Amino acid sequence: MLHFDISYVKPIYLNQKKYIDIFFFAISLMLLTACGGQQPKDENNEFEAYTEDLFCSEVAANTISLHYTLKNPEDYGITDYEISPGNFESDPDVVKASAENMRQSLQTFSYDGLNLQNRITFDILEYQIRTAERNADYILYEEPLELVSGVQTQFPVVMSEYRFYDRQDVETYLELLEKTGDYFDSLIKFEREKADAGLFMADYALDTVLEQCRAFLDMGDGNYLYSTFADRIEDVEELTKEEKSDYIQDNALAVSDCVFPAYENLISSLEELRGSGENEKGLVNLPDGADYYELVVRRSTGSDRSVEEMEDLTRRQITDDLEAMEQVLGITTEEAQEAAASMTQDSAGLILSKLQDAIKETFPEAPDTALEVKYVPEEMEDHLSPAFYMIPAIDNTEENVIYINRAHMNDDLTLFTTLAHEGYPGHLYQTVYYESTDPDPIRSVMDFGGYVEGWATYAEMGSYYLTPLSKEQAVLLQKNSSIILGLYALADMGIHYEGWSRMDTVAFFSNYGITDTETIEQIYELIIGSPGNYLKYYIGYVEFLELKKDWAEEKGTEFSQKEFHEAVLEVGPAPFDIVEKYMWEMTE
């Protein structure tokens, strides 16, 4: 049995979404009511007008969403909207009614009369309707305070990246900060409803959430909401020096008088709920928990496979990876790691430049764009993901930001593969390439984590072969990374679907030579706090491998990696059955 070094494999990444999820599983999208009508004369124009109205209503639902999606909302006719960070919906009937409204609206269009891109959008909207209806009765099972990317850690990061293009942006930002208390009150109300229903988090998860909140508060006067504001406002040319100084003082007051008290209130309110979490194990232990987990997994991965089928798929891929490792003779994983540790120390910018150049032969060309690499504040390194990409506004894709958490960059190979995941040919590349195809704007507000994170993981795994390492060394390290991620995925399904205990989880990992009980306990608690998160990365990655196998089999001697990549990128983020359905038409 091969031994796998679990400490070598970096933790799961957060693809920082362009705004905080105010509602869950696209509830905000389903809250839109659209009016049906007579059969349109021009099916495609009418359908696109409908989806544009849908898009405008969606992004205007909360101001953070609007600002992160559009630099110039007035170009889309969005000029009059309430400034609000949104709230948390808990009424399933609202979701069901809205989903039914959308279904009736879609039925007014002739599917056969739509062009290729509109049929893809139509199929995705139908998928969203089914997803909302299936999940409506499980709203209180959702956890906005999840451990990997919960509101408590996302909110300040998202606000710190809120761009100022003009004076109005500054004013709007300050008003949003002033409404942080109302936003958090809505969150607290939601958590209390969860507690009343017996669905509140376990105390050990609560301890982590509170630790994350306190870490944010403990930054005090050094909080990055102060420093980033001062940096951003310097770029607003229409403001005088005196006005900038006044705004900096206004921001300081908003942070100290509104944001900090909101976090303090959240901490005290959550403390009051301590002990109300009746389940300290996986979702399967909740009423209808197995059914809910199946929905979580389907929504998270975008795969239509059952949990059992995903378990089988994962085991088959792990077996393939093991066989690939065993075929590499004369070198050990430890020796490969030593070679990785001796890689040339390059800057993040130089690595990204090398990656961008290295992928030209196997990936279609993407538009040139700007990129800024930033670093997670030291005080928050223990509470934020190893890296994340800030998705730009769809009308401003030339501004991109990648955050690196230096505490998790153990060596230069880790930095290299991380930047491949977040940059080229991962998140940044996929985002900019797809936006260059001029997609229907409604596609930009739909979250398909399996496609997005699966692609980035696929990119990351491929990047091992772009390093200075020998092919044999790259194979060992890439397969090692893939297997560990597969084990995490199996543990996720084991804990939440099969009902594994802590000891079951320890026994599972020990079968693969992983015996660090403390590390395994941390993995167990992370999986409890973020169900389905690992599957988003791993199953999404393996689904791309499966699509690639199908493409290669169909194309035979004419198989081209670049052509395959172009096909799946042209379809864009979507459930995998839709990607598979349409990828064949993309390169014709």
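Since the structure is predicted, the reported quantities are computational estimates derived from the model, not experimental observations.
- Distance alone, capped at 3.5 Å, is enough to place a donor-acceptor pair between the His565 side chain and the Gln561 backbone.
- Under the 4.5 Å side-chain criterion, counting only non-hydrogen atoms from C-beta, Met586 is in contact with Leu116.
- By the 4.5 Å heavy-atom criterion applied to side chains, Gln430 and Leu569 are counted as neighbours.
- When the options Ile351, Thr417, Leu413 are evaluated for a side chain to side chain contact (heavy atoms under 4.5 Å, CB included) with Ser463, the one that passes is Thr417.
- Residues Asn118 and Phe122 have side chains not in contact (no heavy-atom distance under 4.5 Å, counting atoms from C-beta outward).
- Residues Thr301 and Tyr538 form no side-chain contact, since every pair of their non-hydrogen atoms from C-beta on lies 4.5 Å or further apart.
- A side-chain N or O of Asn400 and one of Tyr389 form a donor-acceptor pair less than 3.5 Å apart.
- Under the 30°/60° scheme for interplanar angles, the aromatic rings of Tyr141 and Tyr138 are found to stand perpendicular.
- With respect to the salt-bridge test (charged N to carboxylate O, under 4.0 angstrom), the residues Glu133 and Lys96 do not qualify.
- Residues Glu311 and Arg305 form no side-chain contact, since every pair of their non-hydrogen atoms from C-beta on lies 4.5 Å or further apart.
- With values rounded to the nearest 0.5 angstrom, Phe559 atom CZ is found 7.5 Å from Phe564 atom CZ.
- Going from atom CG of Leu490 over to atom CD1 of Ile318 covers 4.5 Å, rounded to the nearest 0.5 Å.
- Rounding to the nearest 0.5 angstrom, the gap separating the NZ atom in Lys360 from the OH atom in Tyr424 is 10.5 Å.
- With rounding to the nearest 0.5 Å, the separation of CG in Leu428 from CD1 in Ile391 is 10.5 Å.
- In this model, no donor atom of one side chain and acceptor atom of the other lie less than 3.5 Å apart for Tyr464 and Lys479.
- Taking the side chain as every heavy atom from C-beta outward, Glu498 and Ile495 never approach each other to under 4.5 Å.
- Note on Glu142 versus Arg299: salt bridge recorded, some NZ/NE/NH1/NH2 to OD/OE distance being below 4.0 Å.
- Here Ile442 contributes atom CD1 and Asp440 contributes atom CG; the two are 7.0 Å apart, rounded to the nearest 0.5 Å.
- For the pair Lys555 and Trp551, the cation sits on the ring face: its NZ or CZ lies under 6.0 Å from the ring centre, inside 45° of the axis.
- One finds a salt bridge joining Glu585 and Arg119 here, because a Lys/Arg side-chain nitrogen approaches an Asp/Glu carboxylate oxygen to under 4.0 Å.
- From Thr397, atom OG1 reaches atom NZ of Lys71 across 10.5 Å, with rounding to the nearest 0.5 Å.
- Remark: aromatic rings of Tyr451 and Phe544 are close, center separation under 6.0 Å.
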